[in-house]
Amino acid sequence: MKINIKEEAQTYLATKIPAGSKIILTTDDGSNKYSSLGGSCAIGDKFQLVVLKEDDPNYTIPLENEAGYDMNTSENDADLMTAGLNISMWHNALALKDNSGILDGTLSLVDWRNVKPETAAQRREKMLALGDKIC
């Protein structure tokens, strides 16, 4: 799978992502260990770039890009993306788009290199607390 990281987004990301980092593109909808958001309104319209220390075995689909980032996604996440996948700057924020239009107008960038993942129970409690504030 290919992702085009447009020049202005590359400039922004160069100041935020350490060289040699592992990056995943994943949803931010409560469906994975990198997200505690949840609710049916978040499914498929919130995404994030996550900077990792090492590869995550659940993210095995390489995202080929001209910026040279070691970037992967998962099968589940790839199902939400179509041809023409790209990251650009839009209204002073990162935006994830494909040929269908804007997937996320505020693509977040999260550094997980020093984060201790929450347990499933902790994530569930956080999602329940946030649930009526998101949708």
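Since the structure is predicted, the reported quantities are computational estimates derived from the model, not experimental observations. Residues take their numbers from the sequence shown, with the count starting at 1. Hydrogens, waters and symmetry mates play no part in the numbers below; they use all other heavy atoms, side chains included.
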- [ ] Run the numbers on Tyr34 and Leu52 for side-chain contact (heavy atoms from CB on, under 4.5 Å), then give the verdict.
- [x] CA-CA 11 Å; Tyr34 302 104; Leu52 303 172; 3.6 Å; yes
- [ ] Take Thr27 and Asp29 through the side-chain hydrogen bond (donor to acceptor under 3.5 Å, both in side chains) test and state the conclusion after the steps.
- [x] CA-CA 6 Å; Thr27 54; Asp29 60 7; 3.1 Å; yes
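Side-chain contact between Val50 and Ile23: absent, with no pair of heavy atoms (C-beta onward) separated by less than 4.5 Å. Contact of the Asp28 side chain with the Ser108 side chain is registered, since non-hydrogen atoms from C-beta on lie closer than 4.5 Å. Two residues are said to be in side-chain contact when any heavy atoms from C-beta on lie closer than 4.5 Å; Ser74 and Asn58 fail this criterion. With a 4.5 Å cut-off on side-chain heavy atoms, Leu13 and Leu94 count as touching.
Considering CD of Glu64 and CE of Met71, their distance stands at 12.0 Å, rounded to 0.5 Å. To the nearest 0.5 angstrom, Phe47 atom CZ is 9.0 Å from Leu107 atom CG. The CD1 atom of Ile17 lies 10.5 Å from the CD atom of Gln10; values are rounded to the nearest 0.5 Å. Here OG of Ser31 is found 7.5 Å from CG of Asn76. Values are rounded to the nearest 0.5 Å.
Shown here for Gly105 and Ala93, the closest heavy-atom pair between the two residues is O-CB, 3.9 Å.
Heavy-atom neighbours of Asn99 CG from other residues, nucleotides or ligands within 6.0 Å: above the threshold of 12.
A side-chain donor-acceptor contact under 3.5 Å links Asn65 to the backbone of Leu63. Checked by atom type and distance alone, the side chain of Thr73 pairs as donor or acceptor with a backbone atom of Leu25 at under 3.5 Å.
Residues passing the ring-ring contact (aromatic ring centres under 6.0 Å, His included) test with Trp90: none are found, sequence neighbours excluded.
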What pairs of donor and acceptor atoms, side-chain ones from residues 1-9 against any protein atom, are under 3.5 angstrom apart with sequence neighbours left out?
none

Could you pull out all donor-acceptor pairs under 3.5 Å where a side-chain atom in residues 80-89 meets a protein atom, sequence neighbours excluded?
{"residue": "Thr82", "atom": "OG1", "partner": "Asp98", "partner atom": "OD1", "Å": "3.4"}
{"residue": "Thr82", "atom": "OG1", "partner": "Asp98", "partner atom": "OD2", "Å": "2.8"}
{"residue": "Asn86", "atom": "ND2", "partner": "Gly84", "partner atom": "O", "Å": "3.0"}

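The salt bridge (charged side-chain N to carboxylate O under 4.0 Å, His left out) pairs that include a residue from residues 74-90 number zero, where partners must be two or more places apart or lie in different chains. Under the salt bridge (charged side-chain N to carboxylate O under 4.0 Å, His left out) criterion, no residue pair touches residues 82-95, with sequence neighbours excluded. The salt bridge (charged side-chain N to carboxylate O under 4.0 Å, His left out) pairs that include a residue from residues 48-63 are Lys22-Asp55, Lys33-Asp56, where partners are two or more places apart or lie in different chains.
Note on Leu103: it clusters hydrophobically with Leu109, by side-chain heavy-atom contacts below 4.5 Å among ILVMFWY residues.
Looking only at atom types and distance, the side chain of Thr26 has a donor-acceptor partner in the side chain of Asn32 under 3.5 Å away.
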